[in-house]
Student: 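Please read through the structure below; I'll follow up with questions.
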Amino acid sequence: MGFMDKLKQRFKQDEETKEVSEKYQEGMTKTRNTFSGKINDLIARYRKVDEDFFEELEEVLITADVGVSTVMDLVEELKMEVKRQKIKDSSEIKDVISEKLVEIYYGEEDKSIQHLQLDGEGLQVILVVGVNGAGKTTSIGKLAHQLKADGKNVILAAGDTFRAGAIEQLEVWGARANVPVIKHSEGSDPAAVIYDGIKAAKSREADVLICDTAGRLQNKVNLMNELAKVKRVIEREIPGAPHEVLLVLDATTGQNALTQARTFSEATDVTGIVLTKLDGTAKGGIVLAIRNELQIPVKFVGLGEGIDDLRQFDADAFVYGLFADLGINEEKEEGE
């Protein structure tokens with residue numbers, strides 16, 4: 001049984017995994033149309049797997065924003081696997097590509113890297129960072145909704161005091177998710193807001209405190225200093241916190257998202273990525289570039305506008321969403 005057949009079997013096991021698979025397939029239409037379409041075209045034009053085939057495959061992967069160094073690693077792995085399996089016909093390589101994409105994502109680690117690490121005793125703190133416009137506040141609201149649905153007592157701290165309307169926007173999401181928001185007036189010291197958020201969360205015996213932060217100041221140095229100050233306050237009040245530092249990135253910005261990830265990870269020890277607007281880009285390969293080049297796992301992806309459309313990242317479902325177009329059509333025809 002091939003790798004894609006195994007994935008297909010996994011995602012048909014029960015309603016929950018089937019729903020995950022369908023959400024990824026639907027949300028990754030734009031990336032699949034370019035990425036998988038080009039690979040299908042490549043396989044149709046090259047009957048043999050040779051150097052010219054790999055050269056064009058590199059271009060396809062780079063176009064999908066998989067990232068140059070990630071592409072080089074992947075193609076080297078593919079060449080070795082083709083030799084090992086004695087693959088001659090290009091039609092056989094699709095399964096190998098899909099398997100290697102998953103392997104490259106996880107590396108030496110297991111699948112637990114895509115889960116939030118919130119299993120400790122006492123109050124768990126999530127610090128959320130990212131530039132304005134990436135979908136930071138929206139992601140906080142959707143994450144709060146998820147955690148609340150899981151039975152967690154959640155509180156939000158409105159630490160983005162510099163952007164006009166940021167506090168009100170977080171309050172709107174707090175109301176949607178039915179969780180309280182700790183706030184000060186616009187222009188207040190963000191670290192003071194987070195401090196009050198911690199005090200409120202402790203007194204109300206909350207399980208999780210999610211802290212919003214500024215996405216832009218006068219310059220990059222100021223912003224990073226502000227984030228470092230907020231982080232120090234959290235560490236002082238709760239040893240071992242923040243338990244997660246989530247960086248929100250806009251998938252539609254492609255390689256620019258990678259640059260942002262580098263900058264923020266230098267300042268705040270980012271533990272995971274929230275990749276928004278994956279459904280709005282043809283360059284979903286940025287997921288693999290971030291993971292492989294920065295060694296930061298993607299923990300959530302945005303696959304739509306709804307409150308339930310922030311999904312825990314699943315590399316298997318991601319790859320299945322990239323390659324499963326033929327299978328999807330067959331299933332639809334069978335069900336009609």
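Bear in mind the structure is a predicted one, so any value in this text is a computation, not a measurement.
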Student: Working to the nearest 0.5 Å, report the span between CD1 of Ile182 and SG of Cys211.
Tutor: 10.5 Å
Student: Evaluate the side chain to side chain contact (heavy atoms under 4.5 Å, CB included) criterion for residues Leu143 and Ile126: first the C-alpha distance (whole Å), next the side-chain angles of each, then the deciding distance (0.1 Å), finally the verdict.
Tutor: CA-CA 10 Å; Leu143 180 56; Ile126 301 173; 4.2 Å; yes
Student: Is there a side-chain contact between Leu7 and Met4, using heavy atoms and a 4.5 Å cut-off?
Tutor: yes
Student: Report yes or no: do Leu310 and Val20 belong to one cluster of Ile/Leu/Val/Met/Phe/Trp/Tyr joined by side chain heavy-atom distances under 4.5 Å?
Tutor: no
Student: In terms of heavy-atom contacts, does NZ of Lys23 have more than 12 from other residues, nucleotides or ligands at under 6.0 Å?
Tutor: yes
Student: Starting from the C-alpha separation in whole Å, work towards a yes-or-no answer on salt bridge (Lys or Arg N to Asp or Glu O under 4.0 Å) for Arg232 and Glu235.
Tutor: CA-CA 5 Å; Arg232 282 197 302 274; Glu235 287 168 343; over 6 Å; no
Student: Would a distance-only check, ignoring hydrogens and angles, find a side-chain to backbone donor-acceptor pair under 3.5 Å from Thr31 to Met28?
Tutor: no
Student: Please answer whether the main-chain N or O of Ser203 pairs with a side-chain N or O of Glu205 as donor and acceptor at a distance below 3.5 Å.
Tutor: no
Student: Check this for me: Lys79, atom NZ, are more than 12 non-hydrogen atoms of other residues, nucleotides or ligands nearer than 6.0 Å?
Tutor: yes
Student: Decide if atom NZ of Lys283 counts as having more than 12 heavy atoms of other residues, nucleotides or ligands within a radius under 6.0 Å.
Tutor: no
Student: For a side chain to side chain contact (heavy atoms under 4.5 Å, CB included) check, start with the C-alpha distance between Ile97 and Phe323, then their side-chain angles and the critical distance, and finish with the verdict.
Tutor: CA-CA 10 Å; Ile97 294 170; Phe323 287 100; 3.8 Å; yes
Student: Examine Phe313 together with Tyr105 and report whether their ring centres are nearer than 6.0 Å.
Tutor: yes
Student: Starting from Ile167, can I reach Val128 by hopping between I/L/V/M/F/W/Y residues whose side chains sit under 4.5 Å apart?
Tutor: no
Student: Side-chain contact, heavy-atom cut-off 4.5 Å: Pro190 with Val193?
Tutor: no
Student: What's the verdict on side chain to side chain contact (heavy atoms under 4.5 Å, CB included) for Thr138 and Thr276, showing C-alpha distance, side-chain angles and the deciding distance?
Tutor: CA-CA 9 Å; Thr138 303; Thr276 64; over 6 Å; no
Student: Using every non-hydrogen atom in the two residues, find where Val75 and Leu61 come nearest and quote the distance to one decimal.
Tutor: CG2-CD1, 4.3 Å
Student: Please answer: with hydrophobic residues joined when any side-chain heavy atoms are less than 4.5 Å apart, are Val71 and Val60 in the same cluster?
Tutor: yes
Student: If you compare all heavy atoms of Val298 against all heavy atoms of Gln114, which two are closest, and at what distance to 0.1 Å?
Tutor: O-CB, 4.2 Å
Student: Between Arg10 and Asp314, does the salt bridge (Lys or Arg N to Asp or Glu O under 4.0 Å) criterion hold? Intermediate values first, please.
Tutor: CA-CA 12 Å; Arg10 177 197 155 190; Asp314 183 320; 2.7 Å; yes
Student: Does a side chain donor of either Asp308 or His145 reach within less than 3.5 Å of an acceptor in the other side chain?
Tutor: yes
Student: Assign the ring pair Tyr320 / Phe11 to parallel, tilted or perpendicular, where the plane angle (0 to 90°) is split at 30° and 60°.
Tutor: tilted
Student: Give me the atom names and distance for the closest heavy-atom approach of Arg204 to Pro180.
Tutor: NH1-CB, 3.5 Å
Student: Check whether any side-chain N or O of Asp65 sits under 3.5 Å from a backbone N or O of Ile286 as a donor-acceptor pair, and report yes or no.
Tutor: no
Student: Just so I know, are the side chains of Pro242 and Gln124 near enough to count as touching, which here means a heavy-atom distance under 4.5 Å?
Tutor: no
Student: Does Glu237 pair with Lys199 as a salt bridge, N-O distance under 4.0 Å?
Tutor: yes
Student: Supply the atom-to-atom distance Ser21 OG to Glu26 CD, rounded to the nearest 0.5 angstrom.
Tutor: 11.0 Å
Student: Heavy atoms, side chains only, cut-off 4.5 Å: are Asp160 and Gln169 in contact?
Tutor: no
Student: Counting only N and O atoms by type, is there a donor-acceptor contact under 3.5 Å from the side chain of Glu244 to the main-chain atoms of Gln117?
Tutor: yes
Student: Which heavy atom of Ala214 sits nearest to which heavy atom of Phe162, and what is that distance?
Tutor: CB-CD1, 3.7 Å
Student: Of all the heavy-atom pairs spanning Gly197 and Ala157, show the shortest one and how long it is.
Tutor: CA-CB, 4.4 Å
Student: Kindly compute the distance separating CD1 (Ile39) from OG1 (Thr34), expressed to the nearest 0.5 Å.
Tutor: 9.5 Å
Student: Nearest 0.5 Å, please: how far is CD in Glu99 from CD1 in Ile93?
Tutor: 12.0 Å
Student: Go through it in stages, so that I can follow the logic: the residues are Trp173 and Val181, the test is side chain to side chain contact (heavy atoms under 4.5 Å, CB included), and I'd like the CA-CA distance, side-chain angles, deciding distance and then a yes or no.
Tutor: CA-CA 9 Å; Trp173 275 105; Val181 177; over 6 Å; no
Student: Would you call Asp189 and Tyr195 a side-chain contact if the rule is heavy atoms closer than 4.5 Å?
Tutor: no
Student: Whether the side chain of Lys299 engages the backbone of His115 through a donor-acceptor N/O pair (distance < 3.5 Å, no angle test) should be reported.
Tutor: yes
Student: Are side-chain heavy atoms of Ile290 and Leu249 found at a separation under 4.5 Å?
Tutor: yes
Student: Under a plain distance cut-off of 3.5 Å, with no hydrogens placed, do Asp14 and Thr17 share a side-chain donor-acceptor pair?
Tutor: yes
Student: Is there side-chain contact between Thr213 and Thr268, with at least one heavy-atom pair below 4.5 Å?
Tutor: no
Student: Once you measure the plane-to-plane angle for Tyr46 and Phe53, does it fall in the parallel (<30°), tilted (30-60°) or perpendicular (>60°) bin?
Tutor: perpendicular
Student: Got a second to check how far Leu156's CG is from Glu171's CD, nearest 0.5 Å?
Tutor: 10.0 Å
Student: Just by distance, do the side chain of Lys142 and the backbone of Arg311 share a donor-acceptor pair under 3.5 Å?
Tutor: no
Student: Determine whether a donor-acceptor pair (N or O, by modelled atom type, separation under 3.5 Å) exists between the side chain of Thr137 and the backbone of Leu170.
Tutor: no
Student: Please say yes or no: joined through hydrophobic side-chain contacts below 4.5 Å, possibly via intermediate residues, are Leu322 and Ile62 part of one cluster?
Tutor: yes
Student: Do Phe264 and Leu223 have side chains that approach each other closer than 4.5 Å (heavy atoms only, starting at C-beta)?
Tutor: yes
Student: Spell out, as yes or no, whether a donor-acceptor pair under 3.5 Å connects the side chain of Asp50 to the backbone of Asp52.
Tutor: yes
Student: So, for Lys111 and Asp316, which heavy atoms are closest and what is the spacing to 0.1 Å?
Tutor: NZ-OD2, 2.6 Å
Student: Could you tell me whether the side chain of Arg262 and the main chain of Leu294 form a donor-acceptor pair under 3.5 Å?
Tutor: no
Student: Please check if the number of heavy atoms outside Arg47 that lie under 6.0 Å from its CZ is greater than 12.
Tutor: no
Student: Using 0.5 Å steps for rounding, measure from the CD1 atom of Ile234 to the CD1 atom of Ile198.
Tutor: 5.5 Å
Student: Treating Ile, Leu, Val, Met, Phe, Trp and Tyr as nodes and any side-chain heavy-atom pair under 4.5 angstrom as an edge, say whether Met80 and Val96 lie in one connected cluster.
Tutor: no
Student: Can you establish whether the number of heavy atoms outside Lys148 located under 6.0 Å from its atom NZ is more than 12?
Tutor: yes
Student: Verify, without hydrogens or angle tests, whether Asp207 (side chain) and Asn153 (backbone) share a donor-acceptor contact under 3.5 angstrom.
Tutor: yes
